[in-house]
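A quick write-up on the structure given underneath.
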Amino acid sequence: MARLIRALATPAGPGALTYREVGATGQDRLPAGYHHLHHTVRIGRGRDAFETAGAAVTTWRMHRASGAQIRSQAVRAEPGALVEVSMGLGPVRFRVPCEVIWTAYEKDRTAFAYGTLTEHPESGEESFVVDLHADGSVWFTVTAFSRPATWYTRFAGPLVPVLQHAYARRLGRVLQRIVAE
């Protein structure tokens, strides 16, 4: 079971979490009032595929291989680790500062979730889960809840969830490729 280590936070200055439902991606139900994302894809088969995928997810390799830039002092996802993901073209980059909220390093599940910090264009949480099923299949799931936190994400309206779903699908394809190598 994922361990939740951060108490509920209020948006209160630089580096603060920007939502109250901390840890909700590790629960059965996502909170109301947010856009919800749930994307699951089969990425391989067997213990080796599971271990490769789990390591790629929790050491930021999957994000980097997707084209994102990652800045973190943490070598792998651990609760409390600060992570800045940035994407864009040339000088136009979107910085998305996050904090790892929970992790799961279990026999048949490797996962983490990060939550949005002040200066993130959205408010919410996103989890990345690799599961090894009893039949040997390995699955990757992205679960998120978010809502606009800046004028430009509010202005973009329904385009933001579309881009988030596209990125989740991209992460699944990247992880399939990493496992197949």
Side-chain angles (χ1 to χ4, degrees), residues 1-6 17 19 21-32 34-68 70 72 74-85 87 96-117 120 122-147 161-181:
M1 181 68 160
R3 58 190 157 111
L4 303 178
I5 61 98
R6 176 113 185 207
L17 290 169
Y19 63 104
E21 302 85 349
V22 176
T25 56
Q27 308 301 313
D28 292 334
R29 181 175 241 168
L30 296 177
Y34 293 88
H35 296 289
H36 294 170
L37 180 149
H38 186 83
H39 176 70
T40 300
V41 62
R42 184 172 183 249
I43 56 167
R45 182 165 197 77
R47 175 70 51 192
D48 287 344
F50 167 75
E51 290 176 4
T52 298
V57 167
T58 59
T59 62
W60 327 120
R61 179 179 175 202
M62 173 190 67
H63 282 81
R64 286 187 177 107
S66 76
I70 300 289
S72 180
V75 175
R76 77 176 196 165
E78 292 294 344
L82 300 179
V83 181
E84 182 181 277
V85 182
M87 294 194 72
V96 290
C98 301
E99 180 179 335
V100 176
I101 301 302
W102 61 263
T103 60
Y105 292 98
E106 302 167 4
K107 180 177 178 251
D108 295 332
R109 173 173 275 207
T110 302
F112 81 93
Y114 50 44
T116 58
L117 296 174
H120 193 296
E122 291 281 301
S123 177
E125 190 174 291
E126 188 168 24
S127 68
F128 308 93
V129 179
V130 178
D131 285 308
L132 176 61
H133 290 196
D135 68 358
S137 61
V138 180
W139 295 82
F140 173 62
T141 302
V142 178
T143 303
F145 62 92
S146 64
R147 61 183 168 210
V162 170
L163 294 173
Q164 290 171 328
H165 281 273
Y167 187 61
R169 288 190 302 275
R170 178 170 174 75
L171 291 177
R173 288 189 304 274
V174 165
L175 204 50
Q176 286 171 327
R177 190 174 61 240
I178 289 170
V179 166
E181 290 174 353

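In this chain, numbering begins with 1 at the start of the sequence shown.
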Side-chain heavy atoms of H39 within contact of R169, under 4.5 Å:
yes

V130 and F50: which non-hydrogen atoms are nearest, and at how many Å?
O-CE1, 3.5 Å

When you measure from the side chain of R42 to the backbone N and O of S137, does any donor-acceptor pair fall under 3.5 Å?
no

Once you measure the plane-to-plane angle for Y34 and F145, does it fall in the parallel (<30°), tilted (30-60°) or perpendicular (>60°) bin?
perpendicular

Quick one: CZ on R64 to CD1 on I178, what's the gap to the nearest 0.5 Å?
11.5 Å

What's the shortest heavy-atom distance between A49 and R45, and which atoms?
CB-O, 3.4 Å

Give the C-alpha distance, both sets of side-chain angles, the deciding distance and a yes or no for side chain to side chain contact (heavy atoms under 4.5 Å, CB included) between E122 and Q164.
CA-CA 11 Å; E122 291 281 301; Q164 290 171 328; 3.7 Å; yes

For I101 and T25, what are the C-alpha separation, side-chain angles and deciding distance, and is it a side chain to side chain contact (heavy atoms under 4.5 Å, CB included)?
CA-CA 10 Å; I101 301 302; T25 56; over 6 Å; no

Can you list the residues that meet the ring pair (Phe, Tyr, Trp, His ring centres under 6.0 Å) rule with Y167, with sequence neighbours excluded?
none

The reported gap from CZ in R147 to NE2 in H36 (rounded to nearest 0.5 angstrom) is 9.5 Å

Spatial distance of atom CD1 (I70) from atom CE (M62) [nearest 0.5 Å]:
8.5 Å

Nearest heavy-atom contact between V41 and G172 is CG1-CA, 3.8 Å

Under 30°, 30 to 60°, or over 60°: which ring-plane class applies to F140 and F128, parallel, tilted or perpendicular?
parallel

If you count the non-hydrogen atoms of other residues, nucleotides and ligands that lie under 6.0 Å from CG in D28, is the total more than 12?
no

So how far is it from L132 CG to R47 CZ, rounded to the nearest 0.5 Å?
5.0 Å

How many angstroms lie between atom CH2 of W102 and atom CD of E78, to the nearest 0.5 angstrom?
13.0 Å

Which heavy atom of I43 sits nearest a heavy atom of V179, and at what distance?
O-CG1, 3.6 Å

Quick one, Y114 with H120, criterion side chain to side chain contact (heavy atoms under 4.5 Å, CB included). Give me CA distance, side-chain angles, the key distance, then yes/no.
CA-CA 12 Å; Y114 50 44; H120 193 296; over 6 Å; no

Do you know the tightest heavy-atom contact between G46 and V138?
O-CG2, 3.5 Å

Work out which heavy atom in G80 is nearest to a heavy atom in E99; give both atom names and the distance.
CA-OE2, 3.6 Å

The reported gap from CD in E125 to CG in L17 (rounded to nearest 0.5 angstrom) is 8.5 Å

S72 side chain to L82 main-chain N or O, any donor-acceptor pair under 3.5 Å?
yes

Under a plain distance cut-off of 3.5 Å, with no hydrogens placed, do H38 and T143 share a side-chain donor-acceptor pair?
yes

